[in-house]
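The structure presented is a predicted model; accordingly, all values stated were derived computationally and were not measured. These numbers come from the heavy atoms of this one structure, side chains and all, not from hydrogens, waters or symmetry mates. Reminder, nothing fancy here: chain letters follow the sequence lines and each chain counts from 1.
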Protein chains: 2
Amino acid sequence: MARPPRFDTEQLLDAAVRLAASGGPASVTMSAVAQAVGAPSGSVYHRFSGRPALLAEVWLRTVERFQESYTAVLRSHDDPPLAARAASRHVIAWSRHHPEEAALLLYGAADFDRAHWSPEHTARADAGNRRTFTAVHDLGEALGANGEQARERITLALIDLPLSIVRRHLRAGAELPPHAEDLAEQCTAALLPPGTAPATPATGKPPARDSGPEEQHRGDRDPV
Amino acid sequence: MARPPRFDTEQLLDAAVRLAASGGPASVTMSAVAQAVGAPSGSVYHRFSGRPALLAEVWLRTVERFQESYTAVLRSHDDPPLAARAASRHVIAWSRHHPEEAALLLYGAADFDRAHWSPEHTARADAGNRRTFTAVHDLGEALGANGEQARERITLALIDLPLSIVRRHLRAGAELPPHAEDLAEQCTAALLPPGTAPATPATGKPPARDSGPEEQHRGDRDPV
DNA sequence: ACGGTATTGGAGACATGCCTCTAATAAATT
DNA sequence: AATTTATTAGAGGCATGTCTCCAATACCGT
């Protein structure tokens, strides 16, 4: 029905990821992406309505790819402490396997011009964040984390801490060392609520306790 | 002997900090800084040889201010675990007191165009980083951290973890809550090497043990 | 009062990036 | 083969930013 595309969306996004990873979000310009794939700028505008749309798609594709695998790991173990450790390791392993996309995760949606996104893109980001926060908080509850501060600690242990390890190495321009998974897992384990089983054998988790009227988390903050 | 300056260096850097905090390093342009203080662009170029110099100065002034107070805290306690906890709290308190400068710390030198800095600026950055790493690693040794992985864990506990708390709140556009210091201190304490005193009373630290031929840390990575 | 000098004030050349618009192109459908 | 249609191809207007340059300025020490 029509001429076949020479430059498809994925190809352009791949180039955008490379640019963002090496030079930060500011360096992913419409012309830079076009030049990176050898296309005229018009072809880029044919796929994306403008720079905010391109930035939104790069960010969302990357974050959603990460979040999907991450939340899957979060839910893949029956034993909560085990799930927590596995999640921590997963952040490292995923980043090692996708160093350029991991470099993107170290920024925030704001750096990708979230202020100018379309309502659809914003909603997509919020939905993904909400799902991820829900998965994290569910595991937190299973771990016995109650209250605002305990939840913050869980987020720290499951997301921020492993990401910090990634950040330190990627910022230095280095690859993630082999022991990074162990380090992340140990640190995450150390941050789990006291009384949590320190090793493999599962302790009976405390009876599910109604947590009362607690405020809902906001979906518009990036977990990563 | 000469006409008095209407726009001095500090004033321009202050404006640059505000711009960087609100819109990221990319938004601190020569013209934006000039406009922010009501100066013609020529006056900005009178103080800074170009954009890389301006970015370097903003970054270095901010990081050096932080590092100075931070290393002071690191060395201010005789009891190593106490010093570690105090350092963690200090990161939070400093960030709460200087939210705009703290927002800068969440970026890296690379985001402030380190690639185009003068050798002098680069050397200044390296020197500050080296001093900070030294202070952190000294405390790490006093805490019994030996080996590469143990040192990484110390850096994580003393720097990355409290900074993660700051990042999460500032990225969300919120102020640091009152309990942030407690959270940071508790998490830092949980990450200290096992056997470290969990509470106030100081345990006798293990006899200083020669750590053998270990590689020196590199001063060109940002601790923050 | 006067000259020296750091600084302001601002015009403008040059580069880059965003985005629009129009024409050419090439495959799929009929 | 003719038609349709998504796409390429690229010129060009507009805005913004970097940096240079030069004259005007206002204070200082003498």
Side-chain angles (χ1 to χ4, degrees), chain A residues 1-59 107 110-118 121, chain B residues 1-59 107 110-118 121:
Chain A
M1 195 209 215
R3 175 177 180 173
R6 269 190 49 188
F7 313 103
D8 68 350
T9 304
E10 297 298 302
Q11 192 182 354
L12 296 175
L13 289 181
D14 289 344
V17 166
R18 277 195 301 278
L19 288 166
S22 75
S27 73
V28 36
T29 67
M30 300 300 266
S31 20
V33 170
Q35 196 176 2
V37 302
S41 70
S43 293
V44 181
Y45 281 93
H46 187 72
R47 306 286 175 188
F48 304 98
S49 66
R51 190 168 178 257
L54 169 64
L55 290 175
E57 297 277 356
V58 191
W59 172 258
Y107 290 98
D111 297 308
F112 285 82
D113 205 16
R114 185 184 163 132
H116 297 119
W117 288 2
S118 70
H121 283 140
Chain B
M1 194 202 211
R3 175 174 181 174
R6 268 191 47 186
F7 313 103
D8 68 352
T9 304
E10 297 299 301
Q11 192 182 353
L12 296 175
L13 289 181
D14 289 344
V17 166
R18 278 195 299 277
L19 288 166
S22 75
S27 73
V28 34
T29 67
M30 300 300 266
S31 22
V33 170
Q35 197 177 1
V37 301
S41 70
S43 293
V44 182
Y45 281 93
H46 188 72
R47 305 285 175 185
F48 304 98
S49 66
R51 189 168 179 259
L54 169 66
L55 290 175
E57 297 278 358
V58 191
W59 172 258
Y107 290 99
D111 297 309
F112 285 83
D113 205 16
R114 183 184 165 130
H116 296 119
W117 287 2
S118 71
H121 282 139

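For the salt bridge (charged side-chain N to carboxylate O under 4.0 Å, His left out) condition, no pair includes a residue of residues 27-38 of chain A, sequence neighbours left out. Applying the salt bridge (charged side-chain N to carboxylate O under 4.0 Å, His left out) test to pairs two or more places apart or on separate chains, those with a residue in residues 49-58 of chain A are A:E57-A:R124. Listed by first and then second residue, the side-chain hydrogen bond (donor to acceptor under 3.5 Å, both in side chains) pairs involving residues 10-33 of chain B are B:E10-B:R61, B:D14-B:R61 (not counting sequence neighbours).
In this structure A:P40 satisfies the side-chain contact (heavy atoms from CB on, under 4.5 Å) test together with A:F7, A:S43, sequence neighbours excluded. For A:Y107, the side-chain contact (heavy atoms from CB on, under 4.5 Å) test picks out A:P25, A:D111, A:F112, B:D111, with sequence neighbours left out. Under the rule for a side-chain contact (heavy atoms from CB on, under 4.5 Å), the partners of A:A21 that lie at least two apart in sequence or sit in another chain are A:E100, A:A103. For B:S118, the side-chain contact (heavy atoms from CB on, under 4.5 Å) test picks out B:E120, B:H121, with sequence neighbours left out. Shown here are the salt bridge (charged side-chain N to carboxylate O under 4.0 Å, His left out) partners of A:R47, two or more places apart in sequence or in another chain: there are none.
In the region residues 43-57 of chain A, proximity to DNA chain C at under 4.0 angstrom, judged on heavy atoms, holds for A:Y45, A:G50, A:R51. Contacts between residues 15-40 of chain B and DNA chain C, counted as heavy-atom distances below 4.0 Å, involve B:P40.
Inter-residue side-chain proximity for B:F48 and B:V58 is flagged as unmet; no heavy-atom pair is nearer than 4.5 Å.
Among the nucleotides D:dT8, C:dT8, C:dA11, the one closest to the side chain of A:R6 is D:dT8.
The nearest pair of heavy atoms linking A:V33 to A:L12 is CG1-O, 3.8 Å.
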Heteroatom pairs (N/O) under 3.5 angstrom, protein to nucleotides 22-26 of chain D:
unit_1 : atom_1 : unit_2 : atom_2 : d
D:dT25 : O2     : B:R3   : NH1    : 2.8

